[in-house]
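These notes concern the structure reproduced below.
In this text the structure is predicted, and so the values were computed from the model without any measurement.
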Amino acid sequence: MIQPLRSAFRSPALWLAVSLGVMCFVLQAAGLEEQLRFDRSRINDGDWWLLLSGNFVHLGMSHLWMNLAGFALVVSLVWSHFNAFEWLVVILLSSLVVGIGLWQLDPDVGWYVGFSGTLHGLIIAGSLADLKTYPRSAAILLLLVVAKLGWEQFAGALPGSESVAGGSVVVNAHLYGAIAGAVIGALLLLRQRLRRLPVSVRTS
């Protein structure tokens with residue numbers, strides 16, 4: 001699952017991951033969490049970009065580092081399975097699904113910040129792609145994520161996660177991100193498979 005470092009550093013997908021991490025850090029250091037967070041009242045007034053931007057700001061540095069650590073794990077394990085464009089699609093669409101899902105389905109959530117919803121989408125999409133190369137470890141990772149999501153839906157946030165994040169955990173954001181990652185990842189894998197077929201097969 002872990003890709004060789006030499007080839008990884010030549011990958012545009014890796015530089016996308018680094019750029020994303022740097023962007024989240026800069027936004028946090030600049031103190032823009034209140035301006036860019038998912039804010040229901042502002043979204044209702046027409047600030048639609050907050051559906052997306054709220055996924056890239058955090059409650060504080062501890063919340064940011066927790067999510068960046070999870071992101072680094074995803075990058076080290078499954079990042080090689082999609083190219084930079086495909087990962088960008090997963091990031092943007094998973095983030096939008098998280099924002100839209102909270103806006104439409106969770107009226108009690110007035111505001112939200114954090115990359116964890118999108119992160120669940122990345123984990124699911126990457127693990128689905130990893131099934132072909134490392135079926136056992138990828139299946140275990142998928143089962144662990146599904147078990148975590150099930151726990152959160154029935155028992156709430158994992159013990160200790162709220163103290164590390166520095167605030168309440170909106171567990172439905174994880175669910176929406178995971179569902180988005182599953183759908184988008186499956187579609188991208190289908191696209192990859194179709195592109196590998198000979199032209200005569202694709203057009204017959």
Minimal non-hydrogen separation, [X] against [Y], with atom names:
{"X": "V113", "Y": "L59", "value": "CG2-N, 3.6 Å"}
{"X": "R37", "Y": "Y112", "value": "CB-O, 3.7 Å"}
{"X": "S168", "Y": "E162", "value": "CA-OE2, 3.7 Å"}
{"X": "G177", "Y": "S94", "value": "O-OG, 4.2 Å"}
{"X": "I124", "Y": "G181", "value": "CG2-C, 4.1 Å"}
{"X": "M66", "Y": "A165", "value": "CE-CB, 3.8 Å"}

CG of L36 to CG of N55: how many Å apart, nearest 0.5 Å?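 Here the interatomic distance stands at 11.5 Å.
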Parallel, tilted or perpendicular: which describes the rings of F56 and F115, with under 30° parallel and over 60° perpendicular?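 Rings of F56 and F115: tilted, as their planes differ by 30° to 60°.
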For the residue pair W65 and F25, categorise the inter-ring angle as parallel (less than 30°), tilted (30 to 60°) or perpendicular (more than 60°).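 Judged by the thresholds at 30° and 60°, the geometry between W65 and F25 is tilted.
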Among side-chain atoms of E33 and H58, is any donor-acceptor pair under 3.5 angstrom?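 H58 and E33 do not have a side-chain donor-acceptor pair below 3.5 Å.
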Set out, in order, the CA-CA distance, both residues' side-chain angles and the distance that settles side chain to side chain contact (heavy atoms under 4.5 Å, CB included) for E86 and N83, then state yes or no. CA-CA 5 Å; E86 291 167 333; N83 61 35; 3.2 Å; yes
Just do the side chain to side chain contact (heavy atoms under 4.5 Å, CB included) check on E152 and L175 with the steps written out, would you? CA-CA 9 Å; E152 290 177 338; L175 178 63; over 6 Å; no
Centroid-centroid distance, W79 to F71, less than 6.0 Å: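 Under 6.0 Å, so yes.
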So that I know where these two stand, are F82 and W87 an aromatic pair - ring centroids less than 6.0 Å apart?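 That pair passes the under 6.0 Å test.
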Under 4.5 Å between side-chain heavy atoms, counting indirect links through other Ile/Leu/Val/Met/Phe/Trp/Tyr residues: same cluster for L119 and I184 or not?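 Yes, same cluster.
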So K132 and H81, side-chain hydrogen bond (donor to acceptor under 3.5 Å, both in side chains) or not? Walk me through it. CA-CA 10 Å; K132 183 177 180 180; H81 294 300; over 6 Å; no
